[in-house]
Each structure stands twice: as structure tokens, then as C-alpha cells.
Undergrad: 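I'd like to ask you about the structure that follows.
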Amino acid sequence: MVSTSARRVRHAGCGILLGVSLLALAAGDGGTSGRPLERPNTLEVAWSFQTPVRALDVSDLPAVLNDRMLAIPQGKTVSVVDTRTGRLLSTLRSSARTFTPGGFSDGVLLAVEQGHDRRNSASAYDPATGRRLWHRTPSPAARQGKGDAWLTTAPLLLDSGAVFWAGDGRLVGLAPRTGAIRWTKRIPALTPCEKSELGNSASPNAAATADRVVLLERCPGRPAELQVMDPENGRFDWKKKLGRWRESVRLSAVRDAIGVTVDDELRVFTEAGEELLRRKEGRTSELWPVGEDGGVVYLSELHYGVKSDPGSLRSRTLLAVRADSGRTLWKRSQGRTGNDDLAGDVLAAESDADGGYAGDLRWSVGDARLRGPGASSLTDAEGRRSTRVPWPVAGTFVGLSGQLIVVRSEERDGTRYTALRPGHRAVDAERPAALGGARRQDWPDACRLVGAGLRSELGRDYVELPVASSRTVLGVRLRHPSVCRFARESGSADDVFSVTVRWVAADPEAARTYTTSVIPWGCNPWLGRGCTTAEITQPRRGVYLYTYRVNLEQDRVAHATVVSGRYVFGVSAGNDKPEMRRLVRRVAMHLSR
């Protein structure tokens with residue numbers, strides 16, 4: 001059987017994104033050309049853009065972006081933003097039931113629109129003006145799998161064109177600006193193999209680089225063949241026989257490189273067909289190309305407990321390898337991570353950030369016990385890595401646009417998209433990069449935030465229970481615990497509450513932005529029709545009281561998030577009884593001062 005692990009592995013660990021790992025490449029041995037950069041250790045806000053609609057209130061559709069533009073879906077409208085400046089270019093509108101941006105090609109935004117009859121159609125829009133350039137509706141024959149059935153599939157989007165897989169042995173090339181069909185091609189290799197094993201056919205793996213469509217023919221019993229096509233005319237530029245395969249054959253493509261693995265050997269090619277590299281895989285590992293730059297090929301190596309089971313993924317290693325000699329310049333552990341991408345001189349991969357907040361973790365039990373935003377670890381051309389650097393907002397990773405990281409976060413009146421640029425600043429032991437410029441001594445003792453006077457007011461027998469593990473935040477050892485639980489000696493478990501130092505920001509504005517992006521303004525989409533928006537009140541500026549419904553029983557629990565200057569605090573109870581709601585409110589009001 002052909003290995004189908006490629007798609008699954010590319011998304012391993014993506015359910016909850018905890019951070020982004022960057023590689024800022026500098027001039028040097030095998031590096032990119034240009035001025036050498038100091039090792040980056042900070043993320044600066046390049047711009048921030050807020051939509052008037054909360055994304056989770058409409059549907060959980062991801063935004064799409066390229067090196068210059070970001071398309072943000074909001075129900076029946078799509079906002080297009082210039083990612084170089086953060087300026088709104090246009091607003092696209094549709095009367096369709098759903099309106100989903102698919103991606104960019106030749107400076108045009110292609111979108112899928114589903115009518116009230118639930119039939120899909122394809123459209124293209126000019127991002128500069130918002131004008132619809134063309135619209136294609138499937139023909140009646142498409143219902144029988146003929147005609148324009150290809151309009152219901154996601155195309156391969158390249159810089160100069162879009163290519164659809166029709167599912168009946170045809171590939172269809174489309175001109176993005178006019179919607180005209182440039183060519184249709186029935187590929188002989190798409191017919192079923194005469195000696196195919198059960199469940200196998202010759203339908204190729206398909207992928208795309210920036211300028212070429214890549215097909216991999218892999219019939220059992222025949223040599224695997226790589227076929228590279230021009231999207232504008234449908235002609236094959238070149239083909240390469242890769243030899244017979246015994247167990248598996250895999251195809252992957254990034255913007256500037258093509259990777260094919262036959263059994264346990266990875267071969268990396270340029271778009272023009274030049275072979276850059278050959279590399280053997282280990283007994284329990286797989287290799288994937290991340291990109292090529294200045295004669296250096298970047299590879300991601302996935303390590304498994306059992307190679308045949310992608311679910312046993314244990315860790316990933318990032319490698320920089322010289323194309324001319326095959327020499328490994330450096331390799332760095334990436335932990336359990338997901339997709340990698342190379343854009344300009346930035347290489348991004350998902351990485352773990354223990355204790356960090358990211359994305360929809362705010363819907364999990366014990367929200368106030370989470371600390372800090374998502375984080376990134378930054379590495380220079382020699383593979384030297386700084387400690388984790390926090391995002392200034394809590395949110396979900398959207399993608400890379402050039403050298404910018406784009407993050408999405410929910411706020412009261414809309415969805416905020418923030419672009420972060422890697423930078424460098426001087427740091428010392430008391431101002432570690434992982435704390436975003438704050439000093440260790442700036443983090444207060446969580447137990448001392450509730451003094452004897454307040455404990456007496458709440459109940460004379462409340463005792464503090466510091467959480468020892470909370471002294472480490474994003475890998476930094478603090479002087480005091482950042483989480484403290486309080487329990488009554490004579491009470492029950494229902495009386496327990498906790499106070500958390502959630503974050504100490506660089507300045508009050510950064511603290512406010514972080515706070516408003518961790519409040520559960522939206523509605524958890526995974527709960528479906530039973531979804532209940534958190535009940536949020538704001539009795540004082542900077543104090544947010546709210547409840548969650550947790551567990552299968554949808555139990556309600558009381559929480560509070562407080563911002564006071566540079567400090568963000570959390571208060572959490574284990575239930576939503578009236579007396580505990582009053583207690584959480586009293587503690588939150590105290591912390592706000």
C-alpha cells in the first residue's frame with residue numbers, strides 16, 4: 001500500500017497550537033545573502049487589524065494569506081488586508097449561503113461560494129477593489145460526476161494559475177483573472193493500474209511549488225515517476241524515474257523545493273529538475289523538506305515510536321544541510337511540532353510552549369490556571385536558539401506573510417489580527433527573553449496577593465497552598481510561585497479557590513491587549529448547538545467576571561480575569577455557587593487595586 005502518512009503527519013499536533021518556532025537566516029556558510037542579523041530574541045508588533053465581527057460567532061473558518069495579503073472570512077463578507085502595512089484593501093461581499101476564501105493566485109483571490117441549494121461555485125475577486133472578476137457555476141452534468149464537477153474540489157494554487165483535479169482522470173488549468181479554462185488534460189497515469197493491489201490505483205499524489213504542479217505516479221510493481229507540469233499550458237517540463245518501491249512512496253512540495261521519498265531514501269529537487277540532495281531515513285524516522293535557500297536545504301525529521309504509525313510521533317528535529325556536500329551544518333530539536341514553512345529569510349514551525357496560553361485553550365477546564373500567551377523560540381543561521389519569546393497577545397497562529405507572524409485573537413467587539421516581526425534587544429539574566437522584557441522580580445508572589453486582612457474577611461481559617469511547579473513560567477525560574485490555592489481547614493473542596501499571576505507585560509497597553517484576548521467573548525464552536533456563550537460582567541474597569549460550562553454535564557464554574565497596570569491576574573473557583581461567585585468577585589476587586 002502507498003503510505004498516506006504525509007497528510008496526517010503534516011498536521012500532527014496542530015489541534016492546539018502552542019507557539020511558533022522561527023529561524024532568522026543570516027549571511028554566512030551556506031546562508032542567505034544580505035546583511036547579517038543579530039540573533040532575534042523579541043517579537044515586535046508590526047500592525048494590528050480588527051474586524052467588526054467575531055470569527056467564532058460566524059463559523060470557524062481560517063483566514064488565508066500569502067506574502068502580501070490576508071483574507072479574513074466573516075460570514076458573507078471577506079476583508080482583504082495588505083500585510084505589509086496592516087491597511088484594509090477591500091471588503092468582498094456575497095449573497096451566497098457561505099463564502100469561503102480559498103487562496104491567492106496571480107494577485108487574485110479565489111473563493112468558494114455555496115448557494116442555498118448547497119451547490120458550490122467558484123469566484124474570483126480583485127483584492128484591490130473588491131470587484132468580482134468572474135463566477136462559475138457547475139453545470140447540470142456535474143451531478144453525475146461529469147462536466148464542471150471539478151469546481152467542487154480545492155485547487156492547487158500557484159503564482160501563475162490554478163489547477164483542479166476533476167476526479168475522472170482529468171486535470172483542469174484555469175486562468176485566475178478571467179476564469180477561462182486554459183487546458184484540460186487526461187493523464188494516462190491516472191487510469192487504474194492493471195496489476196493494482198486492492199485499494200491502490202495510479203491516481204498520483206499531487207502538490208504544488210510556487211510555479212509548478214508536481215505529480216507522483218506510483219503504481220505497485222512499476223517504478224515511481226515524478227512529473228512536473230507548467231500550470232499555464234499543461235505541458236510537462238520534465239519527468240524522472242525514481243525506481244521501484246517496496247513499501248511506501250511519499251511526495252511533498254514547498255514553495256521552492258520538491259521532496260520524494262522512495263522507501264527509506266529522500267530525494268530533493270528544484271522546480272527545474274536539479275537534484276539538490278539525497279538522504280537516508282532512520283529506522284523509526286521520516287524526512288520532509290522545509291525549503292531551500294542559498295545552497296542550504298532545510299529538513300524536518302520526524303521521530304516515531306513505531307514508524308508505521310504516524311500517531312506515535314515523539315519529536316521533530318530541524319536540520320540545515322549543504323546541498324553541494326550533503327554536510328549537516330546543524331540540527332536542533334523541535335519537540336512535538338507540526339507544519340514548517342519558509343518565507344523570505346524566516347523559517348517557521350510549531351513548537352511547544354509549556355504553561356503558555358494559545359488559541360481555544362481558554363475553553364478548557366481551569367482557565368485561570370493557565371499562564372502567559374503563546375511563545376516562539378528564535379534561532380539564527382548557525383542554529384543558535386534564544387529562549388522562548390512570548391506573543392503580546394493570546395491567540396491562534398494564522399500563518400506567515402513574508403517575515404511576519406500573523407496571530408488571531410478574539411475580543412469583545414471583533415477579531416483582532418496581529419502581525420509580529422522578529423527583532424533583537426539587549427537582555428540580561430534578570431530580564432529573560434521568555435518574560436517579554438519583564439524582570440524576574442516583577443512577578444509577585446501569588447500567595448501574598450491575598451493578605452491576612454482579605455483572608456480574614458473571606459473566612460478566618462483560609463490557608464495558602466502555593467503551587468511549587470508554578471515557579472517556572474515558559475522555562476524561566478521565578479523567585480515566587482505564580483499560582484496559589486486557598487482552602488479552608490474546616491471546609492470542603494467546594495470552598496477552594498486559586499489566584500494566578502497570569503502575565504506581567506512590558507507595559508499597561510500590552511497587558512490590556514493580552515487580557516482582552518483571553519476573555520471568552522465568543523462561543524466554543526465544538527459544542528455545536530449546545531454552545532453557550534460565557535456570561536461576562538465588568539463591575540470595574542479591568543475586572544472581568546465570567547462563568548464556563550465544563551465537562552459533559554456542562555457544570556458552571558466561576559472565573560475572573562483582572563488587569564492592573566502591567567499585571568494580569570486570574571481567579572478561579574471549582575463551582576458556580578452564589579457564595580463562590582461572591583468570593584471570586586471580592587478577590588478580583590481587591591486585585592484590581
Side-chain angles (χ1 to χ4, degrees), residues 16-26 37-48 318 332-335 337-338 340-341 343-359 361 370-409 417-440 442-443 472-478 482 501-507 509-511 513-514 517-518 566 568:
I16 299 175
L17 177 61
L18 295 180
V20 179
S21 170
L22 301 175
L23 173 64
L25 304 176
L37 300 174
E38 293 185 90
R39 179 169 56 178
N41 56 18
T42 185
L43 290 171
E44 303 165 349
V45 175
W47 52 260
S48 183
L318 184 66
R332 293 292 178 267
S333 173
Q334 295 290 292
T337 58
D340 298 271
D341 194 13
D345 58 0
V346 173
L347 182 112
E350 301 159 22
S351 70
D352 297 336
D354 297 334
Y357 176 99
L361 273 180
L370 298 173
R371 302 182 301 277
S376 303
S377 57
L378 309 179
T379 310
D380 66 9
E382 276 104 40
R384 298 174 301 178
R385 182 182 304 163
S386 70
T387 53
R388 296 166 183 158
V389 181
W391 298 350
V393 295
T396 302
F397 174 69
V398 176
L400 284 179
S401 182
Q403 298 181 16
L404 298 177
I405 304 169
V406 180
V407 178
R408 184 190 83 173
S409 53
Y417 289 79
T418 305
L420 308 176
R421 178 180 290 112
H424 176 84
R425 63 174 177 80
V427 295
D428 54 44
E430 285 304 312
R431 296 179 182 273
L435 296 185
R439 299 176 300 172
R440 296 171 195 263
D442 291 342
W443 283 68
T472 300
V473 173
L474 293 178
V476 175
R477 185 72 172 170
L478 302 176
S482 59
V501 182
R502 301 187 71 173
W503 193 242
V504 179
D507 53 62
E509 176 61 21
T513 302
Y514 167 71
S517 64
V518 299
R566 298 172 57 200
V568 183

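Side chains are part of it too, since the values below use all heavy atoms of this structure and drop only hydrogens, waters and symmetry mates. For clarity, every value in this text was computed on a predicted model and none was experimentally measured.
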Undergrad: Would the number of heavy atoms belonging to other residues, nucleotides or ligands and lying under 6.0 Å from CZ of Arg421 be above 12?
TA: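 No, not enclosed.
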
Undergrad: Main chain of Ala505, side chain of Arg566: is a donor-acceptor contact present, judged purely on distance under 3.5 Å?
TA: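 Yes, Arg566 side chain to Ala505 backbone: donor-acceptor pair under 3.5 Å.
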
Undergrad: Which of these, Val407, Thr513, Leu420, sits in a side-chain contact (heavy atoms from CB on, under 4.5 Å) with Val45?
TA: Leu420

Undergrad: Between atom NE2 of His424 and atom CG of Asn41, what is the distance when rounded to the nearest 0.5 Å?
TA: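 Spacing of NE2 (His424) from CG (Asn41) equals 5.5 Å.
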
Undergrad: Considering non-hydrogen atoms only, spot the tightest contact between Trp443 and Arg502 and give its length.
TA: CH2-O, 4.1 Å

Undergrad: Anything under 3.5 Å between a donor and an acceptor, one on a side chain of residues 428-438, the other on a protein residue two or more places apart or in another chain? List them.
TA:
from: Asp428; atom 1: OD1; to: Glu430; atom 2: N; distance (Å): 2.9
from: Asp428; atom 1: OD1; to: Arg431; atom 2: N; distance (Å): 2.8
from: Arg431; atom 1: NH1; to: Gly437; atom 2: O; distance (Å): 3.1

Undergrad: May I ask you to test the Leu400-Ile405 pair for a side-chain heavy-atom distance under 4.5 Å?
TA: yes

Undergrad: What heavy-atom pair brings Thr42 and Val389 nearest, and what distance separates the two atoms?
TA: CA-CG1, 3.6 Å

Undergrad: Of the non-hydrogen atoms in Trp503 and Tyr514, which two are nearest, and what is the gap between them?
TA: CB-CE2, 3.8 Å

